[in-house]
Amino acid sequence: MAASREPPHAGRLTPGMNDNLHQLRCFGCGDRIAGPDARPDFRCVQCGDLFEVEYAGWSLRQGTNRPNPGALKWLWRERRCSSETLDQSGVWRFRELLPILDSYGNAVTLLEGNTPLYPLTRSARRLGIDQLLAKHQGMNPTGSFKDTGMTTALSVAKERGFEWVACASTGNTSAAMAAYAARAGLRSLVLIPEGKIAWGKLSQAMDYGAVTCQLKTDFDGCVRVLAEIVQHEPIYLLNSVNPYRLEGQKTPALEIAEDLEWNVPDHLIVPGGNLANSSALGKGFRELRELGLVARMPRISVIQAEGANPLVRSFAANHGKELEPVEAHTRATAIRIGNPASWRKAVRVIQDSDGWCLDVTEAEIAIAKAELGAEGLGCEPASAVTLAGLKKLRVEGKIGSGETVVLVLTGHTLKDADYTIDFHRGTLLREEEIAGHNAEIDALRRNAFVVEANPAAVVAAMKGSKG
Ligand code: F0G
């Protein structure tokens with residue numbers, strides 16, 4: 001895998017930008033440490049909070065030393081036509097904003113990122129919004145946004161000589177980790193809550209060769225067990241407490257800004273589970289603004305499932321100052337998380353960007369998912385909370401018709417085919433959950449017909465079907 005040859009003048013315009021110049025800054029007490037000095041659980045020794053990757057050199061870059069925004073924009077676009085491996089990754093294409101490796105030769109990539117930004121014309125029309133777009137992170141190599149963060153964090157694991165990597169997961173992280181570990185020739189250990197993740201995701205971890213342990217607990221219980229294991233075993237933790245995950249996960253912010261000709265949308269809407277993705281995207285937009293690549297931040301709102309809404313409760317109870325863990329229940333298993341690790345970071349993103357945090361019901365999630373499917377996109381249930389949340393924000397008058405809104409769809413529709421089939425068969429939701437939504441659900445359901453094997457019966461089924 002070769003690092004790309006920089007065009008000579010762009011290199012001159014961005015001096016030193018390929019140096020590994022990062023440090024870790026504690027999000028709680030502000031303590032700074034060198035990257036390799038982090039504890040195995042990535043918690044601050046002083047205060048127990050999480051770290052954020054910081055690039056001290058950037059703030060010193062005044063005048064001629066400051067990265068030249070025009071040169072970076074040119075260089076990143078130019079790389080889209082390059083045949084070099086790293087340039088073809090939608091994460092490493094932006095490596096000037098990811099100086100976390102000593103050598104880019106250690107980067108482990110599946111050519112992640114470069115995901116589409118689709119217009120959602122029908123939903124936009126229905127909601128009376130001028131421009132509604134979906135950033136479909138499910139179009140990544142293992143079918144979720146986790147790939148963007150796994151390529152960066154797993155590359156660090158490889159560079160630092162680890163043989164084993166591990167994560168607790170609601171499914172997607174484990175699928176991504178297992179794939180990237182396999183590419184790098186590392187062993188991987190997956191802890192998942194028994195019976196509470198979608199089969200598609202479990203099958204991926206097995207296929208990519210992970211040691212997959214289904215624990216008789218929930219996601220939060222898996223996190224606790226793993227935190228103990230990494231204290232004693234030489235295993236590199238790849239949950240999103242690992243700050244290098246968030247560095248990769250910030251790059252969709254760069255892609256969105258680039259796709260909008262270096263404008264930012266008015267509003268970005270993200271699902272909230274462990275709350276790393278919203279934190280990472282917020283960091284991405286913040287850094288773009290600080291480096292002068294865009295003029296402002298979008299408003300960033302986080303949507304949770306009603307049965308797994310600790311952050312919503314925290315905002316309601318104390319404006320995001322404290323978080324009381326909840327026992328989480330939702331069919332959107334990816335975000336079935338009651339004690340989110342990155343909640344403080346997400347609070348900062350929501351507050352700094354003037355965003356909102358709200359929750360949506362099981363029926364609202366299922367309807368939104370079917371609507372996205374009917375637009376030819378589809379996504380997994382956790383992703384559909386974004387559209388469900390947008391509808392609520394629109395009804396509450398918090399989003400104007402002239403705004404550009406981007407929904408972050410986090411996972412591919414095939415991740416959880418059982419959910420989709422149950423919805424269309426009418427077996428997903430209980431009656432009390434459907435109350436008030438009957439007409440909407442009936443209009444969206446498309447159950448498969450069982451038809452006699454003759455043309456007349458098929459044509460009759462076709463003509464009798466809903467439009
Ligand atoms: N959407 C999907 C499809 C997810 O898999 C997750 C998280 C989220 C949204 C929420 O993102 O946790 O950063 O707020 N899945 C994790 C996992 C927890 O283990 O795969 P978050």
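First listed ligand is number 1; within each ligand, the first listed atom is number 1. The structure presented is a predicted model; accordingly, all values stated were derived computationally and were not measured.
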Visitor: May I ask you to identify the nearest protein heavy atom to atom 12 (O) of ligand 1, giving residue, atom name and distance to one decimal place in Å?
Guide: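 Answer, as residue, atom name and distance: Asn274 N, 2.7 Å.
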Visitor: What do you reckon, does Gly411 have a nitrogen or oxygen under 3.5 Å from a nitrogen or oxygen of ligand 1?
Guide: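 It does not: no N or O of Gly411 is found under 3.5 Å from an N or O of ligand 1.
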Visitor: Any side-chain heavy atom of Leu50 within less than 4.5 Å of one from Pro243?
Guide: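 A side-chain contact under 4.5 Å is absent here.
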Visitor: So, is Glu380 polar-close to ligand 1, with some N/O to N/O distance under 3.5 Å?
Guide: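 Looking only at distances, the answer is no, because the N/O contact criterion of under 3.5 Å is not met.
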Visitor: Counting non-hydrogen protein atoms only, what is the nearest one to atom 4 (C) of ligand 1? Give residue, atom name and distance.
Guide: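 In this structure, atom 4 (C) of ligand 1 has Ala334 CB, 3.4 Å as its nearest protein heavy atom.
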Visitor: Between Arg95 and Asp87, does any side-chain N to carboxylate O distance fall below 4.0 Å?
Guide: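 Answer for the salt bridge query: yes.
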Visitor: Any idea which part of Ile337 is under 4.0 Å from ligand 1, heavy-atom wise: side chain, backbone, both or neither?
Guide: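 Side chain only.
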Visitor: With nothing but distance in play, are any N or O atoms of Ala276 less than 3.5 Å from an N or O of ligand 1?
Guide: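 In this structure, Ala276 places an N or O atom under 3.5 Å from an N or O of ligand 1.
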Visitor: Taking the six-membered ring for Trp, are Phe51 and Tyr244 ring centroids under 6.0 Å apart?
Guide: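 No: the rings miss the under 6.0 Å criterion.
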Visitor: Please determine if Lys391 and Glu364 form a salt bridge, counting it only when a charged side-chain N lies under 4.0 Å from a carboxylate O.
Guide: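 Salt bridge: no.
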Visitor: Could you tell me whether some N/O pair between Ala168 and ligand 1 is separated by less than 3.5 angstrom?
Guide: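 Among all N and O atoms of Ala168, none is under 3.5 Å from an N or O of ligand 1.
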Visitor: Salt-bridge test for Lys283 and Asp352: reply yes if a basic N is under 4.0 Å from a carboxylate O, no otherwise.
Guide: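 No salt bridge links Lys283 with Asp352.
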Visitor: For a 4.5 angstrom cut-off between non-hydrogen side-chain atoms, does Thr251 reach Leu98?
Guide: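 A side-chain contact exists here, since the closest heavy-atom pair is under 4.5 Å.
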Visitor: Select the closest option to atom 19 (O) of ligand 1 among Ser169, Gly272, Gly149, judged by heavy-atom distance.
Guide: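 Going through Ser169, Gly272, Gly149 one by one, Ser169 has the nearest heavy atom to atom 19 (O) of ligand 1.
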Visitor: Can you tell me which residue and heavy atom of the protein come closest to atom 6 (C) of ligand 1, and the distance to 0.1 Å?
Guide: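 Result: Phe145 CE2, 3.7 Å.
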Visitor: Please verify whether a non-hydrogen atom of Val302 lies at under 4.0 Å from ligand 1.
Guide: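 Val302: no contact with ligand 1 (<4.0 Å).
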Visitor: Name the closest protein heavy atom to atom 8 (C) of ligand 1, giving the residue it belongs to and the distance to 0.1 Å.
Guide: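 So the nearest neighbour among protein heavy atoms is Ile335 CG2, 3.6 Å.
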Visitor: Do the charged groups of Glu52 and Lys345 touch, with an N to O distance under 4.0 Å?
Guide: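 No, no charged N to carboxylate O under 4.0 Å.
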Visitor: Which protein non-hydrogen atom lies closest to atom 15 (N) of ligand 1, naming both residue and atom, and how far is it?
Guide: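 Minimum-distance protein heavy atom for atom 15 (N) of ligand 1 reads Lys146 NZ, 3.0 Å.
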Visitor: Side chain or backbone, does Thr170 bring an N or O within less than 3.5 Å of an N or O on ligand 1?
Guide: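 Yes.
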Visitor: What is the closest protein heavy atom to atom 5 (O) of ligand 1, and at what distance does it sit?
Guide: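 Answer, as residue, atom name and distance: Asn172 ND2, 2.8 Å.
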Visitor: Give the residue and atom name of whichever protein heavy atom lies nearest to atom 9 (C) of ligand 1, and the separation in Å to one decimal.
Guide: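 Looking only at protein heavy atoms, the one closest to atom 9 (C) of ligand 1 is Thr410 OG1, 3.6 Å.
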Visitor: Hey, does Tyr419 have a side-chain heavy atom less than 4.5 Å from the side chain of Ile365?
Guide: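 Yes, side chains in contact.
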Visitor: What protein heavy atom sits nearest atom 20 (O) of ligand 1, and how far away is it?
Guide: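 Checked against all protein heavy atoms, atom 20 (O) of ligand 1 sits closest to Thr173 N, 2.8 Å.
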Visitor: Heavy-atom distances under 4.0 Å decide this one: backbone, side chain, both or neither, for Lys415 against ligand 1?
Guide: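 The answer is neither.
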